[in-house]
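Remember, predicted model here, so these are calculated numbers, not experimental data.
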Amino acid sequence: CAMAPRHNTRSPHWIYFLFLVSHVWSFASAQIVYSLTEESSPGTTVGNLAKDLHLDVQELETRGFQISGPNARYFEENKKTGILLVKERIDREQLCSRNVKCSLEVEAIVKSPLNLHRFEVKIVDINDNAPTFRIPQIVLNVSESAFTGERYALPKAFDADVGSYSVKGYKLSQNEHFALDVQNSGEPTVSAELVLQKALDREKQPIIKLTLTALDGGNPPKSGTLQITINVQDVNDNIPIFDKPLYKARVPENSPNDATVISVHAKDLDEGPNGEILYSIINHDSDNLVDKFEINPLTGDITVKGELDHEKSNAVEIRVQAKDKGSSPRASHCKVLVEITDVNDNPPEISVTSLENVVRENAPIDTMVGLITVRDNDADNNGVVQVRILDSVPFKIKNTYKNHYSLVVDGTLDRERASAYNITIVATDEGVPPLSSTSVITVHVSDVNDNAPSFKEPLLNIFVKENSPVGTVLYTLSADDPDVEENAKITFSVVNISNKNNIIQSVINLNSETGDIVSLQSFNYEELKTFQFKVQATDSGVPPLSSNVTVNVLILDENDNNPTILAPYSEHGSVNSESIPYSAEAGYFVAKIRAVDADSGYNALLSYHLSEPKGNNLFRIGTSTGEIRTKRRMSDNDLKTHPLVVLVSDNGEPSLSATVSIDVVVVESAADIHTQFRHVTIKEESFSDLNLYLLIAIVSVSAIFLLSLITLIAVKCHRTDGSFSRYGAPMITTHPDGSWSYSKATQQYDVCFSSDTLKSDVVVFPAPFPPADAELISINGGDTFTRTQTLPNKEKVRHKSRICCKLKDATCCKYKVFRSTKTTSCGAASMYPPPTHTSIPACIAGRKQGGHNGRQEKWRERERDRDKGKDANQRCASS
């Protein structure tokens with residue numbers, strides 16, 4: 001894992017990337033140790049606790065898996081994966097000061113059954129601090145008579161890091177007089193001394209400027225500098241010399257002030273003031289611990305000046321200087337290592353890290369009730385603690401690991417006899433004299449959870465209006481649980497999470513505590529009409545019980561879409577025009593407006609209205625069909641061009657509408673009317689992959705359809721040829737009215753066309769012929785295609801009727817035999833006013849006839865119908 005060190009004003013703002021290597025050791029006591037670099041970012045993986053502790057990841061949440069202990073604030077657990085993560089940045093220097101070993105003891109707790117797992121996290125130091133000197137510069141007074149090899153103590157550099165990242169060396173700027181002697185002979189810290197290599201001459205160079213650089217063990221190393229100013233002076237030519245360069249002493253942490261720690265001694269061969277020695281403690285680093293000691297300047301006795309604490313620091317290094325009183329005083333130095341020993345001054349601390357306040361009365365022996373940690377900051381025997389329980393209770397204390405204990409059941413529990421126990425725990429250390437502390441734990445005995453939550457109904461329907469604002473509470477769920485306290489505390493959740501439910505979760509949110517179902521988006525009825533999910537109500541008992549309810553959410557449509565005019569009158573900016581002859585009769589078909597509405601129900605129920613110039617009452621429009629027709633015949637006072645505005649409105653509340661303009665041009669005769677083929681502007685667009693896929697799909701479907709149609713025709717032709725081959729060869733007959741008939745023996749089809757071919761209907765009426773059934777096929781000018789198959793002709797014929805089919809101004813009327821239980825429709829055609837004799841179209845009729853005499857009778861009937869003309873059409877309309 002990559003980590004960025006914390007910013008420190010004492011070091012440059014560099015960014016380092018370190019690789020965290022987690023090592024896990026298993027001890028005989030099942031102790032687990034992880035390694036973690038300091039300053040790791042929150043969310044950094046420490047280790048897979050679930051795997052290392054052999055826990056089932058699926059049960060972590062239900063068993064209440066959690067991190068506890070005094071160091072739990074630095075870590076957090078992922079209950080879904082069982083991975084231990086960093087929760088808060090860890091500063092090793094702040095946590096463990098300069099101790100080489102720095103580790104945190106952490107506890108992981110799981111319930112049902114309750115258990116404690118302990119592990120350590122070793123905090124590995126990183127090079128995030130640069131060496132620094134307590135003072136920016138020092139001034140040394142050196143006699144010009146100083147001998148070659150004479151040494152001068154320099155301030156130590158301080159680095160908050162430890163180990164390999166602490167101060168590892170020094171280097172001195174280039175000069176001809178002094179060299180640097182770095183000392184690191186097994187001592188805790190590295191120190192440096194100036195060594196005179198070449199005799200000084202004050203007359204040539206009275207002041208020497210040097211730069212001391214301290215380097216740590218990082219890669220690359222960090223550094224800090226100290227400016228050294230050397231004043232060359234005269235002649236005191238002997239320096240004080242200590243009896244030994246290193247002194248060691250031990251002092252108890254409860255030593256009073258002025259208690260003597262050790263005495264140091266130095267000799268100076270000079271006489272007079274140059275041989276008189278004064279002792280002093282050098283604390284260039286302003287170390288607070290060094291300030292707790294003082295030295296007698298004349299005798300060299302070091303005594304205690306402040307309060308010592310072994311728990312904070314168990315050793316201190318003191319640098320002592322011996323300086324003579326010469327006019328140019330000379331000095332030497334030694335080190336004093338003082339070990340601070342421990343005394344029994346801290347009583348044990350009892351902390352309950354986890355406690356089951358309520359224990360079921362049927363809990364078996366050794367059921368864990370609570371987890372207890374006893375800590376004593378003293379060392380050695382002063383920190384060894386014995387834990388026991390006072391009084392006689394059905395519980396006992398078991399030592400699980402080092403200073404960690406568990407409180408377990410040690411006898412039969414009876415809630416009727418005792419519903420609660422006050423357990424007094426005593427912890428005593430082995431110091432002299434021993435110190436102790438107590439803690440009282442209360443444990444309650446309860447019954448078991450035996451009732452599941454229940455909903456009033458297993459199925460719930462919720463109706464929601466579309467376009468409702470986000471965050472609307474759609475419904476508040478409720479469930480009943482006869483249990484009490486925690487066993488009756490209910491939480492709600494969506495169950496059976498799947499891809500579909502993932503979509504559901506993006507639409508609604510369920511408040512687990514209150515049961516509120518809140519919308520996460522505004523619903524659109526045209527995109528989503530309904531969805532379903534299941535909700536589970538779970539109580540907080542152990543084990544938890546639950547029940548489910550199915551929730552159906554139905555979106556109610558709102559009128560939020562305007563009607564849309566369909567082609568050919570929907571082009572924006574185009575001029576829509578239609579032509580009608582001056583001789584057009586009342587009811588003459590002009591045009592048909594089509595529109596659609598994306599809404600549903602009444603919101604999509606469209607009505608058509610016509611707006612004409614004031615005083616013009618020449619046209620009308622079908623409010624439901626959108627067909628524009630003439631109200632009356634033309635007059636000389638009518639305009640030649642009639643601009644019409646058609647308003648299409650839905651039945652929503654409020655109503656939405658759309659308009660389209662049509663210019664109706666009056667021409668002298670029907671021959672001047674030309675079908676208007678509108679040029680649709682084609683937008684040049686790049687041929688996208690989606691268009692290619694659509695084209696391939698359309699071609700494939702069309703090919704399959706054509707193959708199926710050809711196969712069907714071939715099969716029918718084969719059957720027809722086989723069935724009717726005995727009736728003779730086919731025969732095509734023309735008629736005086738321009739129609740033609742196709743007959744094959746006893747089967748005949750009549751086809752007629754009107755003068756306006758674009759408005760003709762084609763209707764085929766095969767007469768009953770065993771064993772085939774009759775069919776009615778109407779091709780409605782591109783508008784509709786309807787095929788109706790009558791019942792088998794084995795049924796009894798009850799009556800005759802007339803079929804009237806209409807498309808635009810084309811009408812087809814023929815007699816047809818119907819069964820008592822069936823009627824034949826003409827597709828989308830509706831009832832219409834009977835046309836005049838001038839607009840009667842040709843009809844296409846086919847009938848199967850039983851013989852030559854039958855066909856002659858049918859033709860005579862057809863001629864009589866043609867002579868009747870208008871009367872036939874009126875009968876057609878009335879039927």
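Note that the CD atom of Gln66 and the NZ atom of Lys79 stand 7.0 Å from one another [nearest 0.5 Å]. Considering CG of Leu49 and CZ of Phe65, their distance stands at 4.5 Å, rounded to 0.5 Å. Rounded to the nearest 0.5 Å, atoms CD (Glu558) and CZ (Phe523) are 13.5 Å apart. The distance from atom CD1 of Ile508 to atom CD1 of Ile504, rounded to the nearest 0.5 Å, is 6.5 Å. Taken from CG in Asp650 to CG in Leu606, the straight-line distance is 6.5 Å, to the nearest 0.5 Å. The CZ atom of Phe463 sits 13.0 Å away from the CG atom of Leu474 when rounded to the nearest 0.5 Å.
Put simply, the side chain of Thr44 never gets that close to the backbone of Val86: no donor and acceptor are under 3.5 Å apart. Looking only at distances, no side-chain donor or acceptor of Asp599 sits under 3.5 Å from a matching main-chain atom of Asn559. Using modelled atom types, no side-chain atom of Thr623 and backbone atom of Tyr608 make a donor-acceptor pair closer than 3.5 Å. A side-chain donor-acceptor contact under 3.5 Å links Asp56 to the backbone of Gln58. In this structure, Thr630 contributes its side chain and Leu618 its backbone to no donor-acceptor pair below 3.5 Å. Arg633 places no side-chain N or O within 3.5 Å of a backbone atom of Ala586 that could act as its donor or acceptor partner. Remark: the backbone N or O of Ser657 is paired with a side-chain donor or acceptor of Asn562 at under 3.5 angstrom. Ser540 contributes a side-chain N or O that, together with a main-chain N or O of Lys489, makes up a donor-acceptor pair within less than 3.5 Å.
You'll find the side chain of Lys111 stays beyond 4.5 Å of the side chain of Val542, heavy atoms only. You'll find the side chain of Ile662 stays beyond 4.5 Å of the side chain of His642, heavy atoms only. No side-chain heavy atom of Tyr475 sits less than 4.5 Å from a side-chain heavy atom of Val464. Residues Asp638 and Arg632 form a side-chain contact, since some pair of their non-hydrogen atoms from C-beta on lies under 4.5 Å apart. Using a 4.5 Å cut-off on side-chain heavy atoms (C-beta onward), Arg594 and Ile565 make no contact.
Sorted by first and then second residue, the pairs that involve residues 452-469 and meet side-chain hydrogen bond (donor to acceptor under 3.5 Å, both in side chains), not counting sequence neighbours, are Asn461-Asn552, Asn467-Asp560. Residue pairs satisfying the side-chain hydrogen bond (donor to acceptor under 3.5 Å, both in side chains) criterion with at least one member in residues 694-715, sequence neighbours excluded, are absent.
Residues Ala595 and Val648 approach most closely at CB-CG1, 3.8 Å, considering heavy atoms. Considering every non-hydrogen atom in both Ser661 and Val645, the closest pair reads OG-CG2, 4.0 Å. Nearest approach of Ile555 to Leu528, heavy atoms of both residues: CG1-O, 3.3 Å. Between Ser506 and Gln521, the shortest heavy-atom contact is O-OE1, 3.9 Å. Smallest separation of non-hydrogen atoms from Val590 and Ile580: CG2-CG2, 3.8 Å. Ser522 and Val470 make their closest contact through N-CG2, 3.7 Å (heavy atoms, listed as atom of the first residue, atom of the second, distance).
In this structure, the side chain to side chain contact (heavy atoms under 4.5 Å, CB included) partners of Ser546, at least two apart in sequence or on a different chain, are Gln536, Thr538. Scored by the side chain to side chain contact (heavy atoms under 4.5 Å, CB included) test, Ala479 finds Pro453, Phe455, Ile490, Phe492, Ala537 as partners (sequence neighbours excluded). Scanning for side-chain hydrogen bond (donor to acceptor under 3.5 Å, both in side chains) contacts around Ser512 gives an empty result, with sequence neighbours left out. In this view, Asp539 and Asn449 satisfy the side-chain hydrogen bond (donor to acceptor under 3.5 Å, both in side chains) rule, not counting sequence neighbours.
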For a side chain to side chain contact (heavy atoms under 4.5 Å, CB included) check, start with the C-alpha distance between Glu578 and Tyr569, then their side-chain angles and the critical distance, and finish with the verdict. CA-CA 11 Å; Glu578 293 290 344; Tyr569 303 110; 2.5 Å; yes
Should Val553 and Phe533 be marked as a side chain to side chain contact (heavy atoms under 4.5 Å, CB included) after you check the CA-CA gap, both sets of side-chain angles, and the distance that decides it? CA-CA 9 Å; Val553 180; Phe533 58 94; 3.8 Å; yes
Please determine whether side chain to side chain contact (heavy atoms under 4.5 Å, CB included) holds for the pair Leu85 and Thr45, giving the CA-CA distance in whole Å, both sets of side-chain angles, and the decisive distance to 0.1 Å. CA-CA 5 Å; Leu85 304 173; Thr45 299; 3.7 Å; yes
Which is it for Leu55 and Arg63 under the side chain to side chain contact (heavy atoms under 4.5 Å, CB included) test, yes or no, and what are the steps along the way? CA-CA 10 Å; Leu55 298 177; Arg63 294 186 65 185; 4.3 Å; yes
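When only modelled atom types and interatomic distance are considered, Asp597 and Asn561 share no side-chain donor-acceptor pair under 3.5 Å.
For the side chain to side chain contact (heavy atoms under 4.5 Å, CB included) with Ser519, the qualifying choice from Thr472, Val507, Asn509 is Thr472, the only one to do so.
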